[in-house]
Amino acid sequence: MTSAQARINGQAIEIHEGETILQAAQRLGVEIPTLCYAPGLTPEGGCRLCLVEVSRATRPVGACHTPIKPGMEIATHTPKLESLRREILALYLEADEQREFQTDSRESEFTKLLARYGLRAKPVDPSQSGERIDQSHTYLRFDPRLCISCRRCLNACEQIQGQFVYGIAGRGPATHLIFGPGERFDESACVGCGACVDQCPTLALSDRDRWEAKPAERVTQSVCGYCGVGCRVEIESAGERVLRIRGVPDAAVNWGHLCVKGRYAHNYHHSRDRLTTPLKRVGSDWLPISWEEALRFAAERLLRIRDRHGPNALGGLASSRSTNEAAYLLQKLFRTVIGTNNVDCCARVCHSSTALALQKVTGTGAASVSFADIESARCIVLAGANPTEAHPVVGARLKQAVLNGARLIVIDPRRVELADYADHHLQVRPGGNVPLFNALAKVLVDEELIDSAYLHERVEGFPEYREFLQTLSLEAAATQAGVPSPKICEAARLMGSLRPVLFVTGLGLSELTQGTASVMTLANIAMLTGSIGRPGAGMLPLRGQNNVQGSADMGAMPGQVTGYQSLRDPEVRNRLQQVWGSVPPEEPGLTVPEMIDAAARGDLHGLWVQGEDIAQSDPNEAHVIEALSRMDFLLVQEMFFSETARYAHLVLPAAGALEQEGTFTNGERRIQQVRPAVRPPGMARPDWSVIRDVAVALGASWNYQEPADVMDEIARVAPKMFGGVSYDRLGADGLQWPCPEPGHPGTARVHTEGFVRGKGRIVAIDYAASPEQCSEDFPFMLVTGRVLEHYNVGSMTRRTAQRELVGEDFLEIHPDDAAARGLADGDFVELESRRSHAQARVRLSQRVTPGTLFLAFHYPETHTNRLTSAYTDPESKCPEYKITAVRLQPIRPAPLS
Ligand SMILES: Nc1nc2c(c(=O)[nH]1)N[C@H]1C(S)=C(S)[C@@H](COP(=O)(O)OP(=O)(O)OC[C@H]3O[C@@H](n4cnc5c(=O)[nH]c(N)nc54)[C@H](O)[C@@H]3O)O[C@H]1N2
Ligand SMILES: Nc1nc2c(c(=O)[nH]1)N[C@H]1C(S)=C(S)[C@@H](COP(=O)(O)OP(=O)(O)OC[C@H]3O[C@@H](n4cnc5c(=O)[nH]c(N)nc54)[C@H](O)[C@@H]3O)O[C@H]1N2
Ligand SMILES: [Mo]
């Protein structure tokens with residue numbers, strides 16, 4: 001044994017800094033029994049099963065929390081230890097009525113341990129199950145008779161989710177688990193992430209839907225199909241049913257964690273109203289047709305419009321819910337086979353402002369860092385994002401970072417959950433980002449809290465910007481922003497003293513007429529504080545849909561082709577000519593809002609909408625519907641008969657995330673492989689293969705056999721970004737672009753050695769008020785956004801038990817505003833904007849300030865987007881979903897719902 005070694009059961013082992021005896025033993029393949037211990041959680045040392053003997057120690061020590069030291073001689077399985085372990089386990093079985101451990105027929109970590117020590121627990125008495133089992137939660141089940149109070153659930157809840165649901169009450173044998181202030185799940189703050197279920201060694205806590213389910217036949221490794229975090233999942237299935245979804249324990253993105261939607265909201269996949277055959281509209285009827293006929297019909301209509309009105313009379317929207325391969329092929333079809341750049345995707349109505357702003361000032365529009373930078377950040381600014389609801393796994397990581405000492409500044413008009421954890425909550429007026437960010441910058445510059453060396457070496461535009469800030473009145477900006485200037489000063493000083501800073505952003509920056517300006521003025525602060533390209537710092541926009549990053553990367557954008565390449569660059573055109581055999585027009589095509597306008601005018605005659613329910617999700621619903629109604633040919637490729645499908649001529653049934661093969665790219669540029677766990681229902685087919693077949697029907701000679709072939713072509717078309725990407729290299733955790741060559745490991749952090757565009761830019765931008773303002777007639781400012789339980793148009797989550805958790809969209813209103821209008825919680829109101837009206841039930845909430853309202857858009861019957869305006873950011877064309885002036889009126893009696 002050398003001086004840096006210890007010995008376990010006689011075997012020498014190198015000491016690793018910070019390792020416990022348990023971890024070292026695991027490395028040697030020595031299994032020390034544990035109950036309360038779990039990797040990743042703080043060791044409790046409570047169950048005492050992991051006791052081991054250490055040379056010179058008078059008593060056995062707990063392996064889970066004792067660091068291994070050089071020279072230690074450790075014995076893990078002496079007869080004395082083993083008999084001690086048996087005694088400890090036997091104690092669980094002898095406790096009084098309250099705690100007596102019982103089992104049912106299922107095997108658990110605990111019953112396996114018992115068996116190993118020759119012990120058996122009394123089986124549960126099914127006759128008394130009813131009253132004792134807590135099934136008050138939609139997804140979770142708690143049987144107190146099986147609980148041994150090991151505290152793993154409690155630790156998981158605190159240390160992974162940060163939710164603090166569980167407590168332990170009582171003493172000695174009367175010790176038992178409690179739920180927040182209450183005795184049942186539904187009295188607690190549980191968010192249904194299921195981390196406790198994964199930890200429970202006895203099945204006291206379990207998934208309700210698994211309790212009676214049959215055993216899994218297959219386990220498929222894939223990626224969650226909801227948000228842009230891109231959690232890796234293990235999908236257990238039998239036949240054509242998904243039984244259970246769990247997080248992959250060692251996944252880089254989620255370390256085994258999931259949120260309530262990713263884990264539990266999967267039953268939509270076998271919903272009875274899934275589309276199963278192509279449907280053709282005949283008069284007011286829908287006729288099921290064969291794929292052959294559908295492909296022929298699609299090709300014939302597309303060609304007819306192209307011949308009559310030219311290629312620019314057609315447009316395509318690639319789904320940000322589907323795969324990279326589908327998005328790539330759809331833009332290729334429109335650019336080459338049809339001959340127009342009229343292709344776009346959901347990024348337009350989402351983070352297009354963010355992408356454009358970052359592209360302008362840094363040279364690339366995506367996150368500069370990875371989620372892993374959250375854990376190393378010292379100061380985090382969360383602006384216009386609500387990650388504990390919209391990106392819950394990242395939200396949980398942010399919460400843990402703050403609990404572990406990171407400082408947090410939240411900039412949001414609403415008191416979102418993370419504001420409770422923040423040092424400062426700057427409750428900006430909706431639409432007031434630009435003056436707020438300018439004011440923060442002014443304080444940083446005036447008080448010399450900036451990184452001068454970074455600015456000097458890496459950034460251009462600072463001298464002009466400084467002049468601009470000198471002319472800026474802090475008080476005037478503070479008033480425009482709606483935040484008192486002393487608060488602005490305090491927040492700026494915190495950022496300045498802890499720089500570099502991590503900026504985590506969302507739609508509260510992007511979906512405004514000053515969306516691009518919001519992100520650019522925030523990026524100014526990132527430049528001043530020397531944050532971009534540094535570890536634990538930089539820009540981390542939380543991308544929305546599972547593959548919204550990817551669909552933009554793939555070129556489903558009217559102004560740039562795959563890999564954000566210029567349509568005019570001769571080198572790019574040469575490459576396209578070689579790979580595609582043709583080149584797209586040089587003129588950029590139309591964005592989503594422009595396509596809608598063109599259709600309403602009668603200039604756009606045909607549209608292919610893949611997995612995007614624009615009739616529900618695009619702003620100013622009446623205008624969208626008018627546009628869709630005028631279309632000569634509307635093709636909708638969908639899993640469900642969506643609101644948009646009502647106006648279609650052809651509806652093609654699509655496979656969903658659980659049923660198709662391909663890749664999704666998450667918000668940290670990570671390309672990960674998606675694999676089918678079940679077959680699509682009926683004749684539904686993966687999007688990519690349908691696009692290929694339509695292209696062939698249009699006369700193209702495409703012969704991709706599988707999605708991997710498509711990825712190989714993507715690598716050739718955009719070599720700087722994807723040259724090193726191929727399916728055989730994606731491995732477990734995928735690859736983060738840029739990945740230019742086959743041996744390249746991918747890029748976790750961009751702009752480390754200078755900016756992609758050379759120098760970073762600082763740009764002075766002044767506040768410009770939105771045309772949408774409150775007035776005497778429309779006194780409230782309505783913010784729209786999302787809630788944890790539902791996802792965008794809700795087509796998937798509404799078809800699961802999420803409906804039991806949240807059964808409608810509700811309007812958050814401050815209690816003072818409610819009182820002034822005689823409104824009580826649960827009353828119905830009629831909301832009216834300058835466009836139209838909608839109805840919703842009110843929920844009194846301190847999350848909004850007086851004068852501000854909040855409403856989601858997850859239920860079509862709410863018609864949230866009847867209210868929103870058609871105003872867009874002038875550069876990115878992102879709609880202004882975040883501010884709408886409205887008035888409201890109680891409806892009595894409440895309408896039947
Ligand atoms: N549960 C759930 N998760 C989702 C989705 C979902 O529908 N449900 N959708 C996915 C998609 S597509 C996206 S894009 C993301 C969106 O994720 P987020 O951007 O986090 O979600 P939002 O709720 O739309 O808006 C974020 C916050 O912006 C604030 N805000 C509004 N106006 C302003 C302003 O002027 N300034 C500032 N600073 N803040 C403002 C709102 O109060 C809100 O709290 O979520 C993704 N994840
Ligand atoms: N008022 C208001 N409106 C908003 C927003 C807001 O904050 N406020 N946010 C906007 C934002 S950020 C976004 S991203 C949009 C989202 O709006 P949408 O893109 O319309 O909504 P999603 O629910 O994400 O999904 C669209 C459709 O894709 C289908 N789908 C899912 N998977 C697949 C697949 O693999 N293939 C195919 N073909 N279809 C599939 C689903 O059934 C669903 O109908 O909404 C925007 N609308
Ligand atoms: Mo989005």
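Indexing begins at 1, ligand by ligand and atom by atom, following the structure's order.
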**Q.** atom 16 (C) of ligand 2 [closest protein heavy-atom partner, distance rounded to 0.1 Å]
**A.** N792 ND2, 3.4 Å
Q | Heavy-atom nearest option to atom 1 (N) of ligand 1, drawn from V787, T505, T852 | A | V787
Q. Can the positive tip of R414 be found less than 6.0 Å from the middle of the six-membered ring of F854, inside 45° of the ring normal?
A. yes
Q: Looking only at protein heavy atoms, identify the closest one to atom 7 (O) of ligand 2 and say how far it is in Å.
A: K882 NZ, 3.0 Å
Q. Does Q616 come within less than 4.0 angstrom of ligand 2, counting non-hydrogen atoms of the residue?
A. no
(Q) Please list, in number order, the atoms of ligand 2 under 4.0 Å from a heavy atom of Y791. (A) 23 (O), 24 (O)
Q) Side chain or backbone of P619 under 4.0 Å from ligand 2, or both, or neither, by non-hydrogen atoms? A) neither
Q. To which protein heavy atom is atom 15 (C) of ligand 1 closest, and what is the distance rounded to 0.1 Å?
A. H391 CE1, 3.5 Å
Q) Starting from atom 8 (N) of ligand 1, which protein heavy atom do you reach first, and at what distance in Å? A) H790 O, 2.5 Å
Q. Considering residues, nucleotides and ligands other than R675, do more than 12 of their heavy atoms fall under 6.0 Å from its CZ?
A. yes
Q. Do any nitrogen or oxygen atoms of N865 come within less than 3.5 Å of a nitrogen or oxygen of ligand 2?
A. yes
Q) Using a heavy-atom cut-off of under 4.0 Å, does the side chain or the backbone of A390 touch ligand 1, or both, or neither? A) both
Q: Please work out which of S617, A684, G662 has its closest non-hydrogen atom nearest to atom 18 (P) of ligand 2.
A: S617
Q: Please say whether I411 places an N or O atom under 3.5 Å from an N or O atom belonging to ligand 1.
A: yes
Q) Out of M781, R415, R786, whose heavy atom is nearest to atom 21 (O) of ligand 1? A) R786
(Q) Can you name the atoms of ligand 1, numbered from 1 with element, that are less than 4.0 Å from a heavy atom of L788? (A) 1 (N)
Q) In this structure, are over 12 heavy atoms from other groups packed under 6.0 Å from H649 atom NE2? A) yes
Q: Distance to 0.1 Å, residue and atom name: give those for the protein heavy atom nearest to atom 26 (C) of ligand 2.
A: G611 O, 3.4 Å
Q: Would you please determine whether T797 falls within less than 4.0 Å of ligand 1 on a heavy-atom basis?
A: no
Q. What are the atoms of ligand 1, with element, lying closer than 4.0 Å to any heavy atom of G506?
A. 19 (O)
Q.
I'd like to know if D693 and R685 make a salt bridge, using a cut-off of under 4.0 Å between side-chain N and carboxylate O.
A. yes
Q: Using distance alone, determine whether G431 and ligand 1 share an N or O pair under 3.5 Å.
A: yes
Q: Report the part of D687 (side chain from C-beta onward, or backbone N, CA, C, O) that has a heavy atom under 4.0 Å from ligand 2; answer both or neither where that applies.
A: side chain
Q) Which of the atoms in ligand 1, numbered in the order shown and given with their element, are less than 4.0 Å from a heavy-atom of G785? A) 23 (O), 24 (O)
Q) Of all the atoms in ligand 2, which lie at a distance below 4.0 Å from a heavy atom belonging to F640? A) 42 (O)
Q | Nearest-0.5 Å distance that lies between atom NE2 in H425 and atom CG in L408 | A | 10.0 Å
Q: Give yes or no for whether the N/O distance cutoff of 3.5 Å, strictly under, is met between C346 and ligand 2.
A: no
Q: Please answer whether the main-chain N or O of V242 pairs with a side-chain N or O of H269 as donor and acceptor at a distance below 3.5 Å.
A: yes
Q) If you measure every N/O of Q545 against every N/O of ligand 2, is any gap under 3.5 Å? A) yes
Q | atom 27 (C) of ligand 2 [closest protein heavy-atom partner, distance rounded to 0.1 Å] | A | E638 OE2, 3.2 Å
Q.
Looking only at distances, can you tell me whether any N or O atom of Q610, backbone or side chain, sits closer than 3.5 Å to an N or O atom of ligand 2?
A. no
Q. On the ring face of F640, is R799 found with NZ or CZ under 6.0 Å from the centre and within 45° of the axis?
A. yes
Q. What are the atoms of ligand 2, with element, lying closer than 4.0 Å to any heavy atom of S795?
A. 41 (C), 42 (O), 43 (C), 44 (O)
Q: Please determine if R415 and E812 form a salt bridge, counting it only when a charged side-chain N lies under 4.0 Å from a carboxylate O.
A: no
Q) For R866 and E832, what are the C-alpha separation, side-chain angles and deciding distance, and is it a salt bridge (Lys or Arg N to Asp or Glu O under 4.0 Å)? A) CA-CA 9 Å; R866 277 188 187 161; E832 206 180 328; over 6 Å; no
Q. Purely on distance, is any nitrogen or oxygen of L512 under 3.5 Å from one on ligand 1?
A. no
(Q) Considering non-hydrogen atoms of the protein only, which is the closest contact for atom 25 (O) of ligand 2, and what is the distance? (A) R321 NH1, 3.4 Å
Q) If hydrogens are left out, which of L426, D412, N433 has an atom nearest to atom 38 (N) of ligand 1, that is, the closest non-hydrogen atom? A) N433
Q: Kindly indicate whether the side chain of D412, heavy atoms from C-beta on, has any atom under 4.5 Å from the side chain of L382.
A: no
Q | Contact atoms of ligand 1, heavy-atom distance to G384 under 4.0 Å | A | 19 (O), 26 (C), 27 (C), 28 (O), 37 (C), 38 (N), 39 (N)
Q. Looking at E417 and R847, does any basic side-chain N land under 4.0 Å from a carboxylate oxygen?
A. no
(Q) Using a 4.0 Å cutoff against the non-hydrogen atoms of V428, which atoms of ligand 1 qualify? (A) 36 (N), 37 (C), 38 (N)
Q: Number the atoms of ligand 1 from 1 as they appear, then name those within less than 4.0 Å of a heavy atom of P430, with their elements.
A: 35 (O)
Q. Is there at least one pair of N or O atoms, one from G794 and one from ligand 2, spaced under 3.5 Å apart?
A. no
**Q.** 4.0 Å heavy-atom contact, A655 with ligand 2
**A.** yes
Q) Would you say T354 and L509 make side-chain contact, with heavy atoms under 4.5 Å? A) no
Q) Please state which protein non-hydrogen atom is closest to atom 12 (S) of ligand 2 and give its distance, to 0.1 Å? A) E511 OE2, 3.2 Å
Q: Please work out which of the three classes, parallel, tilted or perpendicular, describes the rings of Y226 and Y268, given edges at 30° and 60°.
A: perpendicular
Q) What atoms of ligand 1 come closer than 4.0 angstrom to any heavy atom of E389? A) 1 (N), 2 (C), 3 (N)
Q: Please report which non-hydrogen protein atom sits nearest to atom 33 (C) of ligand 2, along with the residue it belongs to and the distance in Å to one decimal place.
A: M639 SD, 3.6 Å
Q | Closest approach of A655 to Q660 (non-hydrogen atoms, all atoms of both residues) | A | O-NE2, 3.5 Å
Q) Where does I883 meet ligand 1, judged by heavy-atom distances below 4.0 Å: at the side chain, the backbone, both, or neither? A) neither
Q) Nearest protein heavy atom to atom 35 (O) of ligand 2, by residue and atom, and its distance? A) Q660 NE2, 3.0 Å
Q) Heavy atom under 4.0 Å from ligand 1: found in K261's side chain, backbone, both, or neither? A) side chain
Q: Identify, for atom 13 (C) of ligand 1, the protein heavy atom at the shortest distance, and state residue, atom and that distance.
A: G544 CA, 3.2 Å
Q | Test of proximity, H351 against ligand 1: N or O pairs below 3.5 Å | A | no
(Q) Which residue in the set Q802, E789, H790 passes side-chain hydrogen bond (donor to acceptor under 3.5 Å, both in side chains) when paired with T797? (A) H790
Q) Taking heavy atoms and a distance under 4.0 Å, where does N386 meet ligand 1: side chain, backbone, both or neither? A) both
Q. Has L542 got any heavy atom lying under 4.0 angstrom from an atom of ligand 1?
A. no
(Q) Below 4.0 Å, non-hydrogen atoms only: which portion of L507 touches ligand 1? Side chain, backbone, both or neither. (A) both
Q) Does any N or O atom in C350 lie less than 3.5 angstrom from one in ligand 1, N or O only? A) no
